[in-house]
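Report on one structure; see the data block that follows.
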Amino acid sequence: MSLNAELAPYACDPALSRGRRHAQPPAPTRSEFQRDRDRIVHSTAFRRLVYKTQVFLNHEGDLFRTRLTHSLEVAQLGRSIARSLRLNEDLVETVCLAHDLGHTPFGHAGQDALNECMQDYGGFEHNLQSLRVVDTLEERYPDYNGINLTFETREGILKHCSRRNAELMEQREPGGVGERFLRGWQPSLEAQLCNLADEIAYNAHDVDDGVRSGLISIEQLCAVPLFERYRQQALAAHASLRAPAEQRRLLNETIRRMLSDQVYDVIDATTAALAEYTPRSVDDVRRAPALVGFSAPMRAESLALKQFLFRELYRHPQVMETMGLAQRVVRELFDVYFQSPHEMPAAQATDAQRGDTLKRARVVSDFIAGMTDRYAGREHERLTGQRLLNA
């Protein structure tokens, strides 16, 4: 019998989960997806997210988002939408909390640098690394590596995958989480929702952090239709927000309204898509087009905001300068560890020296990807004598 009678027929029911790679008896008080969530929250990789960059390095300010706070905001948005759509809230929360577990230090700059270092060894992609963390790298149980999550959670974590990597995964795990990339199938609605909640969250909080940093201004944002519409609504409802001293409240109210309307838009657009395609099961969802999404007008406005942030914030000279230094840290750490594995902790050094250059590169990549910003900076200073960042 289902543990959640309120679930829609197209939602993921924990009682019908495709299970774990290592079979375990059910927990007496928790569903399978609640159990997954708890394992993620207690993982080492999850705790590390508190010192991993979203946009601004941790030392640049106490109030900027980190990968941890970002993941919490994504989970909050995801659960809000999931409840209205009668999807499995526990699975949505679980995937949202886990989606960045494999992210490198220093945000996308660190990922790009590590991918460059790994070009001759299969590359690096943080979604695939997140799956590698929960499947292999976490060491919590005596009988197996990883934290042994359900298929549905693992599927949601792996948002993107190249065909080459999907083929390799299918060889190791026939009919597993790589199969959909080979067949052109969609993931569950819960996984689709997590992907969109991620986008909604980072657009909103990067606006907030960007203004807080002083690198972008409310005046600049007035040129972005999505932001300006809700700024005008906020001013119409609260005339006091026109005062110069109230600009922080104005920004907060604008973002709050923007987030709320995006949530409602996703609910309405997805409800319409579900009515059109009428999936009656999770398998129907997999064979349909992507069903969770914005309406066309909201999608266009969200894209315009994303393009503004890319141009004015992510490519701001100050951000680019810091990220350039961060990439140098990652590249130089990789070079030192690859040439001198003994500079890593004993466990990683032993693993790196057991195999060929491909094995060594992957051990080094796993070690660097697991670092926090400040640990990477301190290791770089220890190994090179140079202090490039104050992380």
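Along the sequence shown, residues carry numbers from 1.
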[X] side chain to [Y] main-chain N or O, any donor-acceptor pair under 3.5 Å?
| X | Y | result |
| --- | --- | --- |
| T94 | F33 | yes |
| R360 | F338 | yes |
| R140 | S43 | no |
| E246 | A243 | no |

Hey, are [X] and [Y] close enough for a salt bridge, meaning a charged N less than 4.0 Å from a carboxylate O?
| X | Y | answer |
| --- | --- | --- |
| D198 | K159 | yes |
| E179 | R286 | no |
| R30 | D90 | no |
| R39 | E138 | no |
| E253 | R256 | yes |
| E170 | R183 | no |

Check your understanding: Among all residues two or more places apart in sequence or in another chain, which pass the salt bridge (Lys or Arg N to Asp or Glu O under 4.0 Å) test with R21?
Key -> D135
Check your understanding: Excluding sequence neighbours, so at least two apart, what forms salt bridge (Lys or Arg N to Asp or Glu O under 4.0 Å) with R20?
Key -> E32, D36
Check your understanding: Is there any ring-ring contact (aromatic ring centres under 6.0 Å, His included) pair reaching into residues 193-244, and which pairs are they, with sequence neighbours excluded?
Key -> H70-H205
Review point. Do the rings of H103 and H108 sit parallel, tilted or perpendicular, given the 30° and 60° boundaries?
Key: perpendicular
Practice item. Using the test side chain to side chain contact (heavy atoms under 4.5 Å, CB included), find all partners of P345 that sit at least two apart in sequence or belong to another chain. Key: Q348, F367
Point to revise | Residues that, via side-chain heavy atoms closer than 4.5 angstrom, fall in one hydrophobic cluster with L241 | key: L235, L250
Check your understanding: Under a single-linkage rule joining Ile, Leu, Val, Met, Phe, Trp and Tyr whose side-chain heavy atoms are separated by less than 4.5 Å, which residues share a cluster with W185?
Key -> none
Practice item. For Q171 and E167, test the side chains for any donor-to-acceptor distance below 3.5 angstrom and give the result as yes or no. Key: no
Review point. Does CZ in R280 sit with more than 12 non-hydrogen atoms of other residues, nucleotides or ligands closer than 6.0 Å?
Key: no
